[in-house]
Amino acid sequence: MKDILTAPFMVEMIRTLTNMYAHGWDERNGGNVSLMLDESDVKDYLDLNAAKRQIPTGFAAPELEGRYFLVTGTGKYFKNVQYAPAINLGVVRLRDQGRQAELLWGFEDGGSFTSEFPAHMMSHVARLKVNPENRVIMHCHPANLLAMTYVHDLNEKAFTRTLWQMCTECIVVFPDGVNVLPWMLCGTNEIGIATAEKMRTARLVVWAQHGIYGAGKDLDETFGLIETAEKGAEIYMKIAHLPRLNTITDEQMHLLEKRFNVTAREGYLD
Ligand code: 2HA
Ligand code: ZN
């Protein structure tokens with residue numbers, strides 16, 4: 001068996017979580033990330049017949065039966081992952097229609113996966129239907145996106161258009177826009193179902209007064225998606241209280257669509 005701490009997916013996960021912490025997106029135990037793995041990714045690193053524990057998930061997700069996930073632990077700090085990955089992270093395989101998770105590695109202090117596991121797994125199901133390449137669900141608490149949910153209309157079209165107007169890159173990076181959920185109790189199946197529903201039409205879902213969810217094919221892409229939206233929100237929070245003299249017009253947005261071969265969410269541009 002090879003050392004799982006040298007596996008490319010593990011190295012990338014630890015670097016990404018460390019970087020998310022460095023960006024200030026994951027104070028204390030804030031945030032959670034799940035990365036779907038193929039059996040071929042893990043077979044050289046783990047005995048796939050030696051589950052250490054069974055952890056009930058509290059929901060069913062038949063589409064994910066037999067799937068493997070590297071996931072952050074509940075109550076764990078991103079800050080600490082690089083120093084103690086086997087305590088703060090786990091590799092699980094879903095069984096029994098997604099109702100049980102077999103722990104194959106990690107959570108060595110007896111811990112479990114993130115309290116937002118339902119939102120992650122339901123979002124994976126939703127995104128896989130749109131894009132079979134999707135592998136990552138990422139949740140964190142970037143300050144400017146959060147701040148924006150206190151002072152901006154939560155209407156999804158209005159919220160998206162504002163972010164698109166804040167930097168030229170935004171419409172290119174997330175032409176599908178940003179969906180928004182009102183404040184809801186986190187850690188529940190209900191917010192999981194609501195998040196997954198929003199994930200059908202966009203790869204970014206804002207949780208008002210809480211944070212954001214992003215989805216993508218790999219950790220880099222998903223990090224970059226959130227990073228770009230957060231940059232847009234940062235610009236907004238710098239200018240929202242000032243007279244706006246200039247903007248990116250819808251006409252210019254259409255030029256960006258053509259130049260970068262992207263299609264803005266239907267009905268979002270004039
Ligand atoms: O504590 O971010 O939403 C982790 C969270 C819960
Ligand atoms: Zn959170």
Side-chain angles (χ1 to χ4, degrees), residues 13-14 16-36 55-59 61 69-85 87-92 101 103 106-107 109-127 136-150 152 154 159 178-199 202-216 219 222-223 225-227 229-230 233-234:
M13 178 66 108
I14 294 169
T16 302
L17 297 170
T18 303
N19 198 17
M20 291 173 77
Y21 176 72
H23 274 66
W25 298 350
D26 299 280
E27 73 291 341
R28 199 174 183 273
N29 63 323
N32 24 77
V33 178
S34 59
L35 168 66
M36 196 169 86
I55 310 174
T57 63
F59 59 86
F69 293 92
L70 173 62
V71 59
T72 53
T74 182
K76 300 297 191 256
Y77 295 19
F78 282 21
K79 174 173 78 70
N80 298 336
V81 172
Q82 62 176 320
Y83 308 111
I87 287 175
N88 293 290
L89 301 174
V91 174
V92 297
L103 179 66
F107 302 142
D109 62 351
S112 182
F113 39 69
T114 166
S115 59
E116 303 296 356
F117 203 61
H120 278 251
M121 294 303 113
M122 293 174 197
S123 293
H124 276 287
V125 171
R127 286 313 303 175
V136 175
I137 300 293
M138 182 179 283
H139 166 63
C140 55
H141 306 158
N144 294 288
L145 277 163
L146 240 145
M148 195 169 154
T149 68
Y150 287 85
H152 194 283
L154 296 182
F159 203 93
V178 173
N179 285 341
V180 184
L181 281 182
W183 189 92
M184 290 176 73
L185 186 61
C186 51
T188 61
N189 284 355
E190 287 68 34
I191 201 169
I193 292 164
T195 306
E197 177 62 30
K198 294 291 186 191
M199 281 280 177
R203 291 166 301 145
L204 287 167
V205 179
V206 167
W207 283 6
Q209 294 86 47
H210 182 137
I212 191 162
Y213 267 74
L219 289 162
T222 316
F223 182 98
L225 188 60
I226 293 176
E227 188 180 27
E230 169 62 1
E234 182 180 355

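Every number for a ligand or one of its atoms is a count from 1 in the order of the listing. Each residue takes its place number in the sequence, starting with 1.
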Practice prompt. Return yes if some donor-acceptor pair links the side-chain N/O of Thr149 with the main-chain N/O of Ala208 below 3.5 Å, else return no.
Written response: no
Worksheet item: Is there a donor-acceptor pair under 3.5 Å between the side chain of Ser115 and the backbone N or O of Thr74?
Response: no
Discussion item. Using every non-hydrogen atom in the two residues, find where Phe113 and Ala101 come nearest and quote the distance to one decimal.
Written reply: CE2-CB, 3.6 Å
Worksheet item: Looking only at heavy atoms, which two atoms of Gly58 and Asn189 are closest? And how far apart?
Response: O-ND2, 3.1 Å
Item to complete: Decide yes or no on side chain to side chain contact (heavy atoms under 4.5 Å, CB included) for His23 and Asn19, but give the supporting numbers first.
Response: CA-CA 6 Å; His23 274 66; Asn19 198 17; 3.2 Å; yes
Fill in: For atom 6 (C) of ligand 1, the protein heavy atom that lies nearest, with its residue and separation
Glu116 OE2, 3.2 Å
Worksheet entry | Closest protein heavy atom to atom 1 (O) of ligand 1, given as residue, atom name and distance to 0.1 Å | Asn29 O, 3.1 Å
Discussion item. If you apply the rule ring-ring contact (aromatic ring centres under 6.0 Å, His included), what do you find for Phe69 with His124, and how did you get there?
Written reply: CA-CA 11 Å; Phe69 293 92; His124 276 287; 4.9 Å; yes
Worksheet item: Hey, which atoms in ligand 1 end up nearer than 4.0 Å to a heavy atom of His139?
Response: 2 (O), 3 (O)
Fill in: Numbered atoms and elements of ligand 1 in range of Gly31, under 4.0 angstrom, heavy atoms
2 (O), 4 (C), 5 (C)
Flag [X] as yes when one of its N or O atoms lies below 3.5 Å from any N or O atom of ligand 1, and as no otherwise.
X: Ser115; answer: no
X: Cys186; answer: no
X: Trp207; answer: no

Practice prompt. Measuring from the Zn ion (ligand 2), name the closest N, O or S atom belonging to His139.
Written response: NE2
Practice prompt. Please find out if the Zn ion (ligand 2) and some N, O or S atom of Cys140 are separated by less than 2.8 Å.
Written response: no
Discussion item. Measuring only between side-chain heavy atoms, which start at C-beta, is Phe78 closer than 4.5 Å to Trp25?
Written reply: no
Worksheet item: Would you call the rings of Trp207 and His139 parallel, tilted or perpendicular if under 30° counts as parallel and over 60° as perpendicular?
Response: tilted
Worksheet item: Does ligand 1 have a heavy atom under 4.0 Å from the side chain of Asn32, from its backbone, from both, or from neither?
Response: side chain
Worksheet item: Non-hydrogen atoms of His141 versus ligand 1: any pair closer than 4.0 Å?
Response: yes
